[in-house]
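None of the values given here were measured: they were computed from a predicted structure.
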Amino acid sequence: MLSPDTLDTDRALHIAGRWQAGRAGRFDVVDPATTEVLATVANGSAEDATTAVDAASAAAASWAATPPRQRSDVLRRTYELMHRDHDALARLITAENGKSLADARAEVTYAAEFFRWFAEEAVRAEGRYSTAPAGGARTLVTYRPVGVAALVTPWNFPAAMATRKIGPALAAGCTVVLKPAAETPLTALAITRLLSEAGVPDGVVNLVPTDDAAAVVGTWLADSRVRKLSFTGSTRVGRLLLHQAADRVVNTSMELGGNAPFVVTADADLDAAVEAAMVAKFRGGGQACVSANRFYVHADVAEEFTARLGKEVEALRVGPADDPGNQIGPLISSKAVADITALVDDALARGARVAARSDVPDGPGFFLAPTVLTDAPADARVVREEIFGPVAPVVTWRDEDELLRSVNDTEMGLAAYVFAGELQRAVDLAEHIDAGMVGINRGVVSDPSAPFGGTKQSGLGREGSHEGLHEFTETQYLSLAW
């Protein structure tokens, strides 16, 4: 049974097939529902980071030469093992991340799907053969693994963000070094164990938990053997990593911040819109880059939509995940609570009103009441910035051109949501929104079979789908005399 007690956190680094201690001592993982120390984990250092690259580099040629069907079989077995341990993985996520058990179970299912999807993609090796237009030559195009890949994952989806990167990397024939978030290393430790059980050769997947991300990731970016960086996290950190990656022109994929608009037209199905809003905004406590951030509701239906949404929010049960009746867990840290409280206070000072708010439990834990705001002005921070928490500001609109100007007036462009009664109009609105993903009459956009990613400062590249596999390959073409 997986749990913080059964995982060997004293030897949490996995390098060259061996579990070992970290050279930087240990660091604490805190349960956000109780604020108590959940586990003390081996802490990787810059020297450990180099040792991990040693192992990944040594295994790279052999893994790249492994037949695609064998790589596929390993990924498929890992998918099956994740379902075998489904409930235990979910409880591990709730312990270190704090999200509700229902949300954690959904994450495990979603996370496992990346292994199944890329098990299937691994055997779809692409290539192209053509005649040169001028004649006299044939063109042969192939895709080969980019090499050692550094994977850096966040705390909000500790399972899914790891599998969304490991799956395509291994399918493409890359070896990896993985640094999970310091807040949630235990899930990554458990998944690495399952990969080993599934038959991943020594050195192909190397895990370095640490509370000094700059030292470990900086070491990887300075190492000439690391050819790829895949990062999910804030835009601020993404910019810093891009600066470092530029020194060696490292191939990078970046999934960064969001500020997703949720648009409701006058003829939208309000029952469906409210139901989807509850998912798009409050799943995982709103701590997702694709969470609906600002709600633009047509003036004709704004009052009714807000009342219905407020009723649902007031009914939410907030509390620790060990009570299965609780729907919203804590935020990840006291800083997160303070940051979001400051956003709400700024909005209230600028004229916004609290339309609805749920109750939060007394006692310890980083809990914040799910809240609906109305009359938030366009310059309020809660509208301009990514909230990353369970607060929903509602803004009314009448003119479609003005709506689109407001929706697109952000440096982010990850996800958006559109609810309209007429599908053609919904699609037309979606096509005018500068975002990489748009949910039309649904509150979920993430799917392993679809290309996940954004525009502007929400990132570079795509994860999932066939595009996700290509993020871990290089294109080579051979010109053949004929």
Side-chain angles (χ1 to χ4, degrees), residues 98-103 106 260-288 290-321 323-331 337 340-341 343-345 347-348 351-362 365 367-377 380 382-383 387-398 403 415-421 426 439-445:
K99 65 176 62 177
S100 73
L101 194 54
D103 283 344
F262 189 107
V263 176
V264 181
T265 65
D267 65 341
D269 180 337
L270 292 189
D271 288 336
V274 170
E275 181 180 357
M278 294 300 295
V279 175
K281 173 74 262 185
F282 297 103
R283 180 185 59 169
Q287 298 177 109
V290 294
S291 291
N293 206 69
R294 48 210 166 108
F295 290 77
Y296 292 94
V297 186
H298 194 278
D300 290 350
V301 295
E303 185 176 348
E304 183 178 358
F305 175 87
T306 303
R308 292 191 190 189
L309 181 65
K311 184 178 180 181
E312 294 293 327
V313 168
E314 288 174 346
L316 286 173
R317 285 188 53 181
V318 181
D323 181 345
N326 288 333
Q327 300 159 287
I328 302 287
L331 298 186
V337 174
I340 297 170
T341 299
L343 293 180
V344 173
D345 289 345
L348 295 176
R353 296 181 298 107
V354 174
R357 180 173 277 166
S358 65
D359 295 326
V360 294
D362 294 328
F367 294 100
L368 182 76
T371 302
V372 178
L373 299 175
T374 58
D375 301 328
V382 78
V383 176
I387 301 170
F388 230 67
V391 177
V394 177
V395 180
T396 60
W397 66 275
R398 284 193 181 276
L403 164 71
Y417 304 88
V418 174
F419 276 77
I440 296 178
N441 291 338
R442 66 192 310 261
V444 177
V445 294

Asks: Taking all atoms of both residues into account, what is the closest heavy-atom pair of Ser100 and Ile328, and its distance?
Replies: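 Smallest interatomic distance, heavy atoms only, reads CB-N, 4.5 Å.
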
Asks: Apply the test side chain to side chain contact (heavy atoms under 4.5 Å, CB included) to residues Val394 and Leu373: give CA-CA distance (whole Å), side-chain angles for both, the deciding distance (0.1 Å), then the verdict.
Replies: CA-CA 6 Å; Val394 177; Leu373 299 175; over 6 Å; no

Asks: So, the side chain of Asn441 versus the backbone of Ala420: is there a donor-acceptor pair under 3.5 Å, distance only?
Replies: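 Here the side-chain-to-backbone pair exists.
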
Asks: Closer than 3.5 angstrom, by distance alone: can the side chain of Lys99 be matched with the main-chain N or O of Gln327 as a donor-acceptor pair?
Replies: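 Flag not set: sc Lys99 to bb Gln327 has no pair under 3.5 Å.
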
Asks: For the side chain of Trp397 and the backbone of Thr265, is there at least one donor-acceptor N/O pair under 3.5 Å apart?
Replies: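 No, the answer is negative, given that no donor and acceptor are paired below the 3.5 Å cut-off.
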
Asks: Answer yes or no: is there a side-chain heavy-atom contact under 4.5 Å between His298 and Arg398?
Replies: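 They are in contact (side-chain heavy atoms under 4.5 Å apart), so the answer is yes.
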
Asks: Do Glu312 and Arg308 sit within salt-bridge range, that is, some charged N less than 4.0 Å from a carboxylate O?
Replies: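 Between Arg308 and Glu312 there is no salt bridge, as every charged N stays at least 4.0 Å from the carboxylate O atoms.
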
Asks: Take atom CG of Asp362 as the centre, draw a 6.0 Å sphere, and report whether it contains more than 12 heavy atoms from other residues, nucleotides or ligands.
Replies: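 Incorrect, the count does not exceed 12.
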
Asks: So Phe367 and Asp359, do their side chains get closer than 4.5 Å, heavy atoms only?
Replies: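 Not touching, per the 4.5 Å side-chain cut-off.
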
Asks: I need the Phe282 CZ to Leu309 CG distance, nearest 0.5 Å.
Replies: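 Atom-to-atom, Phe282:CZ and Leu309:CG are 5.5 Å apart.
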
Asks: Is a side-chain donor or acceptor of Arg353 paired with a backbone partner of Ala355 at a separation under 3.5 angstrom?
Replies: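 No.
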
Asks: To check you understand the geometry: which heavy-atom pair defines the closest contact between Pro393 and Ala376, and what is its length?
Replies: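 Smallest heavy-atom distance, with atoms named: CB-CB, 4.3 Å.
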
Asks: When you measure from the side chain of Asn326 to the backbone of Pro320, do you find a donor-acceptor pair of N or O atoms at a distance under 3.5 Å?
Replies: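 Between the backbone of Pro320 and the side chain of Asn326 there is a qualifying donor-acceptor contact (under 3.5 Å).
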
Asks: Testing the basics here: between Val360 and Val318, what is the closest heavy-atom pair and its distance to 0.1 Å?
Replies: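 In this case the closest contact between Val360 and Val318 is CG1-CG1, 4.3 Å.
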
Asks: So, Lys281 side chain and Val391 main chain: donor-acceptor pair closer than 3.5 Å or not?
Replies: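 A pair under 3.5 Å: yes.
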
Asks: Could you give me the CA-CA distance, side-chain angles and deciding distance for Gln287 and Ile340, then say whether side chain to side chain contact (heavy atoms under 4.5 Å, CB included) is met?
Replies: CA-CA 11 Å; Gln287 298 177 109; Ile340 297 170; over 6 Å; no

Asks: Can Val297 and Thr306 be said to form a side chain to side chain contact (heavy atoms under 4.5 Å, CB included), step by step?
Replies: CA-CA 9 Å; Val297 186; Thr306 303; 5.7 Å; no

Asks: With rounding to the nearest 0.5 angstrom, report the OH to CD1 distance, Tyr417 to Ile440.
Replies: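 Rounded to the nearest 0.5 Å, the OH-CD1 separation comes out at 12.5 Å.
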
Asks: How close do Phe262 and Ala273 get, counting heavy atoms only, and between which atoms?
Replies: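 Of all heavy-atom pairs spanning Phe262 and Ala273, the closest is CZ-O, 3.5 Å.
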
Asks: Hey, what do you get for OG1 (Thr396) to CG (Asp375), rounding to the nearest 0.5 Å?
Replies: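 These two atoms lie 7.5 Å from each other.
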
Asks: Begin with the C-alpha distance, continue with both residues' side-chain angles, and end with the deciding distance and a verdict on side chain to side chain contact (heavy atoms under 4.5 Å, CB included) for Lys311 and Val274.
Replies: CA-CA 10 Å; Lys311 184 178 180 181; Val274 170; over 6 Å; no

Asks: Could you tell me whether a side-chain N or O of Asp103 sits under 3.5 Å from a main-chain N or O of Gly284, the two making a donor and an acceptor?
Replies: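 Yes, Asp103 side chain to Gly284 backbone: donor-acceptor pair under 3.5 Å.
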
Asks: So which heavy atom on Gly310 is nearest to which on Ala356, and how close?
Replies: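 Shortest heavy-atom contact: CA-CB, 3.4 Å.
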
Asks: How long is the straight-line distance from CD1 of Ile387 back to OG1 of Thr371, given to the nearest 0.5 Å?
Replies: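 Going from the OG1 atom of Thr371 to the CD1 atom of Ile387 covers 10.0 Å.
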
Asks: Quick one: does any side-chain atom of Thr374 pair with a main-chain N or O of Val395 as donor and acceptor, under 3.5 Å?
Replies: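 Such a contact is absent between Thr374 side chain and Val395 backbone.
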
Asks: Mind checking whether Pro390 and Leu331 have side chains closer than 4.5 Å, heavy atoms only?
Replies: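 Yes. Closest side-chain heavy atoms under 4.5 Å.
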
Asks: Taking all atoms of both residues into account, what is the closest heavy-atom pair of Ala277 and Phe295, and its distance?
Replies: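 The answer is CB-CE2, 3.6 Å.
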
Asks: Can you confirm whether more than 12 heavy atoms, excluding those of Glu275, are under 6.0 Å from its CD atom?
Replies: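 Not more than 12 within 6.0 Å, no.
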
Asks: Can you find a pair of side-chain heavy atoms, one from Val313 and one from Met278, that are under 4.5 Å apart?
Replies: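 Contact flag for Val313/Met278 side chains = yes.
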
